[in-house]
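Whatever order the structure lists ligands and atoms in, that order sets their numbers, starting from 1. Below, all heavy atoms of this structure are taken into account, side chains as well, without hydrogens, waters or symmetry copies. By convention here, the first residue in the shown sequence is residue 1.
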Amino acid sequence: MALIRNSTLRPRILVVGGGYLGFVTARRLQKSLDRGEATITVVDPNPYMTYQPLLPEVAAGSIEPRHAVIPLRRHLRRSEVVTGKVTRISHADRHAVIEPELGEPFELDYDHIVLASGSVPRTLPIPGLAEEAISFKRIEEAVALRDRILSRLDDAAVIEDDAERRKALTFVFVGGGFAGIESLAELEDMARQAVARYDTLTEADLRFVLIEAMARVMPEVGEAQARWVVESLRARGVDVYLETFLQDCTNKHIKLSNGEEFDADTIVWNAGVKANPLLIDSDLPLDDRGRIRARADLRVEDDNGVVEGAWAAGDNAAVPDLSGGGVGGFCVPNAQHAVRQAPVLAGNITKALRGGSDFVQYSHKSIGTVAGLGVYKGVAQIGSFEARGILAWAMHRGYHGMAVPTIERKVRVFANWFLGILLGRDDSQLVDLAEPRKAFAEAADSKPLPKKPEAKAAEAKKSEPKKAEAKVKEAAARAS
Ligand SMILES: Cc1cc2nc3c(=O)[nH]c(=O)nc-3n(C[C@H](O)[C@H](O)[C@H](O)COP(=O)(O)OP(=O)(O)OC[C@H]3O[C@@H](n4cnc5c(N)ncnc54)[C@H](O)[C@@H]3O)c2cc1C
């Protein structure tokens with residue numbers, strides 16, 4: 001659809017962020033609204049939605065990266081999709097500023113706004129962190145991390161210096177939450193399988209390290225399951241440090257709060273998330289953690305009551321958890337909430353557009369947790385039912401395979417898994433993705449080939465008549 005910047009023909013619903021919440025909300029709005037009833041505009045810097053729970057499996061090579069993202073334009077045909085960043089929101093004037101990758105920023109008017117900009121990694125002022133670490137929230141990061149770990153195996157296979165080799169093969173993961181444990185476990189599983197293909201490396205050369213500040217990992221599962229996760233990681237050779245902080249990682253030299261120091265070439269930061277800081281540049285009400293203040297019906301509220309025309313949910317919002325769970329009484333930032341909040345949001349906006357006021361309150365009791373820890377390995381907790389190993393792994397794949405939005409993507413993801421079981425995990429890596437012109441630039445820069453003796457002789461012969469001609473001219477000039 002063409003973008004009509006400031007139309008008064010019909011109301012515009014501006015969806016800020018085409019992630020899990022924004023994408024599913026827009027799809028639901030497309031279905032619930034009549035044609036021409038409203039314009040749905042989705043703005044996101046990425047032209048796709050990322051199904052983040054599959055990132056650890058993308059990194060491990062069990063899922064093709066493109067299959068874990070959903071192209072917005074293909075699946076939001078009745079919406080305007082704008083690839084750009086919302087950089088400012090003035091809700092009092094009902095307009096937002098959008099910055100495309102190329103070209104000038106522009107303003108877009110709206111009637112309703114849906115704040116679905118998610119979260120960003122929560123960092124700490126640790127020396128070296130911003131320079132050396134990578135987080136694990138984007139498809140590009142998952143792909144880069146996979147290629148990096150596999151490249152380090154290649155590098156280490158020919159490094160002779162022991163200290164250098166140890167550094168190349170030391171991978172540090174900070175944060176023992178859901179994302180941290182899954183990414184470490186999947187990548188460790190992949191690396192151990194890959195190392196078997198090297199004559200000069202053994203499993204004992206690999207060092208995976210988990211650093212967690214709390215006394216336990218994965219607050220999403222019960223104590224016994226969390227203890228089992230730590231034990232099973234230790235049994236796989238992972239160094240798990242609990243109640244330990246990363247204090248410094250300048251120049252990839254790790255210093256821990258327990259006094260230990262070592263070098264690590266790869267540092268992955270997974271120590272929590274915070275609401276998208278974009279919200280700070282808006283006149284919308286935020287709580288003390290920077291989240292948009294929302295009611296259970298997903299309308300934004302300030303001290304004076306409802307802020308008309310503003311809606312929020314997902315990771316960037318503080319939505320009361322009516323089920324009685326949640327941290328501090330609010331829904332925790334996870335996909336389980338985002339995907340269920342989206343239909344409530346779309347339904348309530350549709351009602352608001354049609355003059356209704358009997359808005360539905362969002363309430364969902366967590367159904368539990370499933371996590372993959374490598375091929376045939378997992379942990380799950382559904383209420384009081386606990387599963388470990390292959391059963392939990394199958395539950396993890398079954399749940400997430402079905403939860404990926406759109407049938408087309410579900411089919412692709414299940415096909416990946418089927419092929420993986422049939423043919424084995426794909427451990428091919430791509431190098432130089434960040435510098436695709438490198439090879440061409442090197443070719444263009446290279447010295448001309450040294451000439452072969454026959455070519456030199458032929459050239460000399462060719463220039464002989466010219467030399468003779470020059471000599472004749474010279475003699476004639478002297479004579480005159
Ligand atoms: C590795 C990993 C594993 C996870 N596993 C699980 C799991 O197993 N189960 C579970 O329940 N949850 C899991 N989660 C959490 C879950 O993915 C998130 O809670 C969920 O995606 C939140 O949805 P959201 O729409 O609020 O945010 P997101 O899905 O993050 O979407 C936010 C969108 O906003 C866009 N955006 C950002 N800034 C701007 C801007 N300025 N303008 C416009 N758009 C912007 C982003 O590009 C993004 O597309 C996991 C997360 C990670 C990182």
**Student:** Strictly under 4.0 Å, does any heavy atom of P333 approach an atom of ligand 1?
**Tutor:** yes
**Student:** Give the single entry among I181, N276, V86, V82 that approaches atom 39 (C) of ligand 1 most closely by any heavy atom.
**Tutor:** N276
**Student:** Can an N or O of P45 be found at a distance shorter than 3.5 Å from an N or O of ligand 1?
**Tutor:** no
**Student:** Would you mind checking which non-hydrogen protein atom is closest to atom 30 (O) of ligand 1, with the distance to 0.1 Å?
**Tutor:** Q52 NE2, 3.1 Å
**Student:** What protein heavy atom sits nearest atom 47 (O) of ligand 1, and how far off is it?
**Tutor:** D44 OD1, 2.8 Å
**Student:** What atoms of ligand 1 come within less than 4.0 Å of a heavy atom belonging to N46?
**Tutor:** 47 (O)
**Student:** Taking atom types as modelled, find out whether H91 and R94 have a side-chain donor-acceptor pair closer than 3.5 angstrom.
**Tutor:** yes
**Student:** Can you list everything that forms a ring pair (Phe, Tyr, Trp, His ring centres under 6.0 Å) with F359? Sequence neighbours excluded, please.
**Tutor:** W311
**Student:** Can you find a pair of side-chain heavy atoms, one from H337 and one from V332, that are under 4.5 Å apart?
**Tutor:** yes
**Student:** More than 12 foreign heavy atoms under 6.0 Å from CZ of R88: is that the case here?
**Tutor:** no
**Student:** Counting only heavy atoms from other residues, nucleotides and ligands, does the tally under 6.0 Å from CZ of R354 exceed 12?
**Tutor:** yes
**Student:** Tell me if a side-chain donor or acceptor on S282 pairs with a main-chain N or O of I280 at a distance below 3.5 Å.
**Tutor:** no
**Student:** What's the shortest distance from atom 43 (C) of ligand 1 to any protein heavy atom, and which residue and atom give it?
**Tutor:** V43 O, 3.4 Å
**Student:** Hey, is ligand 1 close enough to Y20 that some N/O pair sits below 3.5 Å?
**Tutor:** yes
**Student:** Heavy-atom pairs closer than 4.0 Å: do any link ligand 1 to the side chain of L21, the backbone, both, or neither?
**Tutor:** both
**Student:** Side chain or backbone of A116 under 4.0 Å from ligand 1, or both, or neither, by non-hydrogen atoms?
**Tutor:** backbone
**Student:** Would H400 count as a contact of ligand 1 if the rule is a heavy atom under 4.0 Å away?
**Tutor:** yes
**Student:** Among protein heavy atoms, which sits nearest to atom 31 (O) of ligand 1, and what does the distance come to when rounded to 0.1 Å?
**Tutor:** G19 CA, 3.2 Å
**Student:** Any carboxylate oxygen within less than 4.0 angstrom of a Lys/Arg side-chain nitrogen, looking at R289 and D287?
**Tutor:** no
**Student:** Taking atom NZ of K85 as the centre, report whether more than 12 heavy atoms of other residues, nucleotides or ligands fall under 6.0 Å from it.
**Tutor:** no
**Student:** If you measure from the Lys or Arg side-chain nitrogens to the Asp or Glu carboxylate oxygens, is any gap between R299 and D297 under 4.0 Å?
**Tutor:** yes
**Student:** When only distance counts, is Q336 in polar contact with ligand 1, meaning an N/O pair under 3.5 Å?
**Tutor:** yes
**Student:** Number the atoms of ligand 1 from 1 as they appear, then name those within less than 4.0 Å of a heavy atom of A179, with their elements.
**Tutor:** 1 (C), 2 (C)
**Student:** Which residue pairs pass the salt bridge (Lys or Arg N to Asp or Glu O under 4.0 Å) test with at least one member in residues 229-248, sequence neighbours excluded?
**Tutor:** E188-R236, R207-D239
**Student:** Please write down residue, atom name and distance for the protein heavy atom closest to atom 27 (O) of ligand 1.
**Tutor:** G118 CA, 3.4 Å
**Student:** Just jot down the ligand 1 atoms closer than 4.0 angstrom to any heavy atom of P53, in number order.
**Tutor:** 3 (C), 4 (C), 5 (N), 6 (C), 7 (C), 8 (O), 13 (C), 17 (O)
**Student:** Return the closest protein heavy atom for atom 10 (C) of ligand 1 as residue, atom name and distance.
**Tutor:** A335 N, 3.3 Å
**Student:** Heavy-atom contact check, 4.0 Å cutoff: does K85 meet ligand 1?
**Tutor:** yes
**Student:** Of all the heavy-atom pairs spanning I113 and I89, show the shortest one and how long it is.
**Tutor:** CD1-CG2, 3.8 Å
**Student:** So that I know where these two stand, are H95 and F106 an aromatic pair - ring centroids less than 6.0 Å apart?
**Tutor:** no
**Student:** Please check if any side-chain donor atom of Q429 sits under 3.5 Å from a side-chain acceptor atom of R146, or the reverse.
**Tutor:** no
**Student:** So if I count the atoms of ligand 1 from 1 in the order they appear, which ones are less than 4.0 Å from some heavy atom of A338?
**Tutor:** 23 (O)
**Student:** Checking R148 against T266: is there a side-chain donor and acceptor pair closer than 3.5 Å?
**Tutor:** yes
**Student:** Which of the numbered atoms in ligand 1 are under 4.0 angstrom from any heavy atom belonging to L278?
**Tutor:** 41 (N)
**Student:** Are any of the N/O atoms in D315 less than 3.5 Å from those in ligand 1?
**Tutor:** yes
**Student:** Is F178 touching ligand 1 with its side chain, its backbone, both, or neither, if touching means heavy atoms under 4.0 Å apart?
**Tutor:** side chain
**Student:** Is K137 in polar range of ligand 1, meaning some N or O pair under 3.5 Å apart?
**Tutor:** no
